[in-house]
Structure formats: C-alpha cells, structure tokens
Protein chains: 2
Amino acid sequence: MLDLALLGLLEEGPEHGYELRKRLRTQFGLLANVSFGSIYPALSRLETNGSVETVEGGSPVALAPPTGSLSGEWAAMRARRRAGTRGRRSRKVYRITTAGREFFLTLLSDSTADDARSFSLRLAFARHMPPEARLALLERRRAQLVQHLTEVVTADDPELDIYARSVAEHTAEGVEQDIAWLDRLIKAERAATDASAPPNRRKTRRSA
Amino acid sequence: MLDLALLGLLEEGPEHGYELRKRLRTQFGLLANVSFGSIYPALSRLETNGSVETVEGGSPVALAPPTGSLSGEWAAMRARRRAGTRGRRSRKVYRITTAGREFFLTLLSDSTADDARSFSLRLAFARHMPPEARLALLERRRAQLVQHLTEVVTADDPELDIYARSVAEHTAEGVEQDIAWLDRLIKAERAATDASAPPNRRKTRRSA
DNA sequence: GAGAACTATATCGAATCGATATAGCGATGC
DNA sequence: GCATCGCTATATCGATTCGATATAGTTCTC
C-alpha cells in the first residue's frame, strides 16, 4: 500500500521522507493519513530492494522550492556544507530507479488488495495504466461495492437503535454514491477508449 | 479500536469469536472488515486483562439461535459433550465482565483516536454515552472534518491529472456530506436534550 | 463414502500505528 | 543576549493489525 503511494509520488521527481508524508496527507487526504513510523521503514525497504536510491550531492532545491520554505532549504544546505556528513542530520532525498518503476507498475496492476484506500490510490495513479486496466479496476471496484451492499445489514434491521441505524444508513448512502461515481467514471472511460480507437461500425469477429 | 468493538458487541450478550467477526462485518460493514488474526489475539488480551471471561458450561443456544444455525449449535454441544474438553476444538464463548463494562465506557469516552472508523464505531454505540458526551463526539468530529477540508488540495489544483482530480473531488464531496449528516445528528441531539430537560422559558442563571 | 463447503480457533511474519527521542533552525519575546 | 517555542527532519520502539496459512470437525452433495 505505502510502497505504491511512495513510488507513485517519486515518479514525479526525487523527494525526501518528510515532504512525501506531507504530500500524501494533502493529495490523498484521509485516505493516506500515514505516520513517520510507516514512511521511513517503507523508504528503507524500498532502498534495500533497489526500487529507490538516495540522491547524494543532488540539489533538492531545484525540485520543490515553491516560495516560503526557501529559507529552510538554504539553511539545510548551508548546514550540510558546514558540517559535511558528520553528525549533522539533514535530508535524505530518494529517487526512483528503473527497477522501482517496474515494481510500481506491478503494484498498480496487482489486484489483491481491495479496500477503499488501495482502490483510491490506484485510481489516482491511473494515468500510468493501460486503458483496459483502468476499466478493469473501476469495474472490479464497482462489483465489490454492489456485493458489499447485499451483505450488510440494512437500515430496517429492527435490532438497531437510532445511532447504529444512522451509521448503517449513512454508510450505505456513501456506498451508493461511490457506485454512482464509478458509473460516471466507467462511462467516461468507455467514451475515451471508443474515441481513440473507433472500431469498425460492422461487427468484428472476436476470438473469445 | 477492536477492543471497543468487541466489548460493544459483547454488551448485548455472550458470543464467540467467529460470530463476533461476522457481526462486525455485517453491522459495521467496510468500517470493521477485520481479520481473525486480529479477533483472536484481541479476545485473549481482553481475557487476560479481565474484561471478558469464557463461558464454560453455558448454553450458547439460548443467545443466538435465530433459525438456521440451530443444527450447528446442537452439533457443537453434542460434540463437546461427547469429547469433553479433551482434544476437540469447539466454541469458546466470551462474556463481558463488570470490569469489562467499565473499560468499554472508558474506551468509548476516550477521544484520542480520531479516524473515521473509530468515530463511526463510537457513534454506533452512542446509546451507552451520556447525552453531553454524544454531542461532544459529534461536534469534535465535525470540527475535524472542517479542518480537514481546509488542509487538503482542492480539485482546482493544476498539478493533478483527471484521475487524481476525480479522486480528490469525490473525497471532498464525501467529507461535505459527512458534515451535513453530522449537522442533522447534532440538531436532533439538541432537540432531544431540550425535550427531555425543558429549561425555564426565562433565562436561567448559569455558573459558567 | 469421497470431496466440497462451512464453521471454528489459532499462529506466524510483516506492515502499520502512535508515541517518543533527537537535533538544527528561525522567530518571538522580555 | 538568550530562553523558549515551533517547525523541519529522521529514526526507533512496542503494540496492534493484517493476510496467509494450518488444523479440525460438521454438513451437504453427488
């Protein structure tokens, strides 16, 4: 889960742990409210398995200086220059490797994890998928949600008091809205596919 | 988290692990899609700290025989009688203790965990809370969601591609609907409080 | 009566969480 | 001046949770 998120962000350029966490929180909101206790071990993991490498003398300033933290950046660089690598704790900037990109695509298409967080994360990175995979992802998720609705207690369960019932109702509504959203996305995806590869009007013979 | 959920279910009567998991999945849906690898250690934990105790010769049939699993219940009892406690693996039914009820109320009012799952779980058990605590829970959650909306990237971020943007939009909509839902609950809660304790029409002097 | 499907408990390693430690820096304030 | 607060930044620890797997009895099906 985290590996996918981190590699996805590192696809856009080298970054360090602290900033990666901030971006996870702002870009993915409640879906990726992840702690440092997960981030740093995950980055070490990815480094030892060769998916990322640390940027040694690179200038991280060139990558994320959107005004404001500039002074901080400069200070960090100055401090590093002053103290060398000895004793001083400074940034560890990670860059994705070729192997890391392959691993990222593997994780992206690997459909074992089926919870809401994994799904949203994968969808957010859907631009890296082939169109069929995008459609498959959306439809798989849709099927899961429909299935879920049938398995869960409905709000007319006489056992529930008003609070439990309200939670059940609200959850069910949320799922229904998710399904409607997925339907819109699926439709848009189909339209895009048809537009880019308009098939013959006549029926095409299919091998399967 | 799990402790709260398990104790909450056991408040309604003794139950065994397998059934507790089923009820968590059906009653709390996606919010408590928990695995056995969490359930059984959690029950052991609760047993060693005295919150629950195993029911030895109790008749579990009296508690959950809503037609259908009756034969299973009977079979389990027969098997237990046949084999005694030796070798045979049968049900371990847990019952909440007085200490467990206290612990449950502590967990319920302890407001450290602030994620969506904890909140929904607490709200589902809100009948066990005093009215002020219910209101406080709802308002705390509302404030968190409002705060969240301000911190997260909005859909008009030019950096995002259509997929990431769609996820961000949909998430934000979900949060807004959650807030609206909370507003309805807060209103209802206030109305209930006023109705049960209608204050004097005239202004009452307040100590704080 | 063999095998599939369901009920039921348990355990293992890995991932994740939440808290805490450490440390440099800038700003605030008196 | 210098004390302290808050922010950036990395790291580690114990506890919790997850996901997979093992085990075993029961019930259904063919």
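For clarity, every value in this text was computed on a predicted model and none was experimentally measured. Below, chain A is the first sequence line, B the second, and so on; all start at residue 1.
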Tell me whether the OP1 or OP2 atom of D:dC18 has a side-chain N or O from B:Ser38 closer than 4.0 Å. yes
Residues that B:Arg134 engages under salt bridge (charged side-chain N to carboxylate O under 4.0 Å, His left out), provided they are two or more places apart: B:Glu189
Can you tell me which nucleotide in C:dT7, D:dT10, C:dA10 comes closest to the side chain of B:Tyr94? C:dA10
Cut-off 3.5 Å, no hydrogens considered: what does the side-chain donor-acceptor table look like for residues 181-188 of chain A, sequence neighbours left out?
from, atom 1, to, atom 2, distance (Å)
A:Trp181, NE1, B:Ser166, OG, 3.2
A:Asp183, OD1, A:Arg142, NE, 2.5
A:Asp183, OD2, A:Arg142, NH2, 3.3

So what does B:Leu2 hit on the nucleic acid, given a heavy-atom distance under 4.0 Å: a base, only sugar-phosphate, or nothing? sugar-phosphate
Any idea which of C:dC17, D:dA11, C:dA10 is nearest the A:Val34 side chain? C:dC17
Among D:dG19, C:dT16, C:dT9, which is the nearest nucleotide to the side chain of A:Arg45? C:dT16
Scan B:Gly17 against the nucleic acid and name what it touches under 4.0 Å (heavy atoms): base, sugar-phosphate only, or nothing. sugar-phosphate
Interatomic distance, B:Leu107 CG vs D:dA15 C1' [rounded to whole Å]: 15 Å
Whether B:Tyr18 contacts C:dT7 is assessed here as follows: a side-chain N or O lying under 4.0 Å from the phosphate OP1 or OP2. Is that the case? yes
Minimum-distance nucleotide (side-chain atoms of B:Arg117 versus D:dT10, C:dT11, D:dC18): D:dC18
Measuring to OP1 and OP2 of D:dA11, would you say a side-chain N or O of A:Tyr40 lies under 4.0 angstrom away? no
Assess, by modelled atom type and distance only, whether the side chains of A:Glu151 and A:Gln147 contain a donor and an acceptor separated by less than 3.5 Å. yes
